[in-house]
Protein chains: 2
Amino acid sequence: MREGGYHGFSFREIAADVGIKSASVHHHFPAKEDLASAVVDDYTERLIETLGDPCDPRQATTALLERYVGLFRHALIDDQRMCLCGLLGSETRALPDRVGAGTRNFFRRHIEWLTNVFHADASQTDRAAAEDKAMRFVASLEGALLVAQSLGDTDVFERIVGSTLATLDTDNPQPN
Amino acid sequence: MREGGYHGFSFREIAADVGIKSASVHHHFPAKEDLASAVVDDYTERLIETLGDPCDPRQATTALLERYVGLFRHALIDDQRMCLCGLLGSETRALPDRVGAGTRNFFRRHIEWLTNVFHADASQTDRAAAEDKAMRFVASLEGALLVAQSLGDTDVFERIVGSTLATLDTDNPQPN
DNA sequence: GTCTATAATTTGATAGAC
DNA sequence: GTCTATCAAATTATAGAC
């Protein structure tokens with residue numbers, strides 16, 4: 001799903017990877033929408049859990065943002081794949097309802113997490129402005145991943161991320 | 001292709017839209033890769049042609065960038081679809097060779113155009129820095145499109161674009 | 001929970017008439 | 001350039017045995 005999107009994988013493919021038959025996959029996920037929806041929800045929960053508390057006072061803003069960038073860097077370098085919801089998000093109009101809803105939830109959660117990070121920063125008291133930054137940041141990272149993957153050049157990702165981080169103008173409080 | 005990606009459309013679907021049979025489509029494009037590759041190349045040429053000369057001294061930097069933003073706004077608002085190469089770029093690893101190459105060419109051309117715009121701006125003499133901005137800008141727009149489409153909220157696109165433009169710090173020379 | 005078997009449909013693609 | 005007809009393979013999905 002992270003390579004070819006919703007229409008780019010099949011029950012037989014998954015079954016072969018797991019080492020069972022496609023009918024057995026259908027036992028766990030009756031329809032394709034069920035499977036994709038479960039994968040998206042699991043993906044979202046895993047990532048949000050990895051990110052941790054966005055308001056942790058022991059973490060500097062830059063450290064939290066670096067952790068966030070690390071998610072995308074990992075997708076590009078280690079997985080050599082797109083962000084699942086980045087790909088599905090671009091396919092929104094061709095997605096079954098629950099899969100589209102799961103993807104929407106992914107972005108809501110990420111924007112919420114980033115908004116909290118920016119809002120907690122000493123330099124940012126306006127929550128709407130923090131949300132603007134959050135939207136811009138997640139969009140930049142999804143875009144950076146997409147463009148770097150298309151160009152087959154991980155350095156493109158680093159250049160975009162570096163350039164973006166330089167625009168954020170956050171405070172850098174030392175951890176306690 | 002702009003809704004479901006490379007695996008999200010069929011010869012029969014296209015044939016029905018055009019009002020002919022799928023065998024007739026195969027007469028023009030023997031294989032699916034041929035068709036998709038031709039569409040991507042045509043899409044790229046059209047957009048670059050619409051953008052015009054990035055070094056036109058009669059155009060202010062902000063006017064050129066607004067024209068560029070207009071491409072993506074049109075995709076989101078009027079077409080209600082993703083950028084073709086934004087979607088395909090995220091599917092890179094599942095694409096036939098020539099389609100992947102066409103998508104790569106799309107981003108090379110766009111970065112080149114934007115680099116020229118930023119480099120021509122009075123405030124920017126370093127070409128590498130202009131290229132950094134160019135990569136960041138195209139990534140932000142692809143990401144903004146993707147996230148706004150997924151959230152089903154065009155205002156998200158405008159907020160991200162506004163926030164991004166505010167970080168570019170270009171000169172605003174008056175047209176002659 | 002996994003299997004075999006299979007249904008019903010769709011897919012990319014070709015042959016050959018007009 | 002379009003058509004009918006067709007192929008071989010793949011697709012999602014189900015029924016029922018073990």
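Treat the numbers as computed from the prediction; the structure is a model and nothing was measured. Reminder, nothing fancy here: chain letters follow the sequence lines and each chain counts from 1.
- D:dA9 atom C1' lies 16 Å from atom CZ of B:F11, rounded to whole Å.
- Ring centroid separation for the pair B:Y68 and B:H110 comes in under the 6.0 Å cut-off.
- In this structure, the NE2 atom of A:H27 is 14 Å from the C1' atom of D:dA17, given to the nearest Å.
- Taking atom NE2 of B:H7 as the reference point, atom C1' of C:dT11 lies 12 Å away to the nearest angstrom.
- Protein atom CD of B:E33 is 17 Å distant from nucleotide atom C1' of C:dT11, rounded to whole Å.
- For the pair A:K32 and A:F11, the cation does not sit on the ring face, since its NZ or CZ is not both under 6.0 Å from the ring centre and inside 45° of the axis.
- Taking only side-chain nitrogens and oxygens, B:S10 comes nearer than 4.0 Å to OP1 or OP2 of C:dT11.
- Each of D:dA15, C:dA13, D:dC3 was ranked by its minimum atom distance to the side chain of B:A23; first place goes to D:dC3.
- Close to D:dT12, at under 4.0 Å from its OP1 or OP2, lies a side-chain N or O of A:K32.
- Within 4.0 Å (heavy atoms only), B:F29 reaches no atom of the nucleic acid at all.
- At D:dG1, none of the side-chain N or O atoms of B:S24 fall inside 4.0 Å of OP1 or OP2 (strictly under the cut-off).
- To the nearest angstrom, C1' of D:dT4 lies 14 Å from CD1 of B:I20.
- Under the 4.0 Å criterion applied to side-chain N and carboxylate O atoms, A:D42 and A:R46 are assigned as salt-bridge partners.
- At whole-Å resolution of the value, NE2 in A:H26 and P in C:dT6 are 17 Å apart.
- Listed by chain and residue number, B:R58 satisfy the salt bridge (charged side-chain N to carboxylate O under 4.0 Å, His left out) test with B:D56 (two or more places apart in sequence, or in another chain).
- Listed nucleotides C:dA13, D:dA13, C:dT2 differ in distance to B:A31; the shortest reach to its side chain belongs to C:dA13.
- The separation between B:R12 atom CZ and C:dT9 atom C1' is 10 Å, rounded to whole Å.
- The closest donor-acceptor contact from the side chain of B:S163 to the backbone of B:R159 lies at 3.5 Å or more, if one exists at all.
- The CD1-P distance, from A:I14 to D:dT11, rounds to 11 Å in whole Å.
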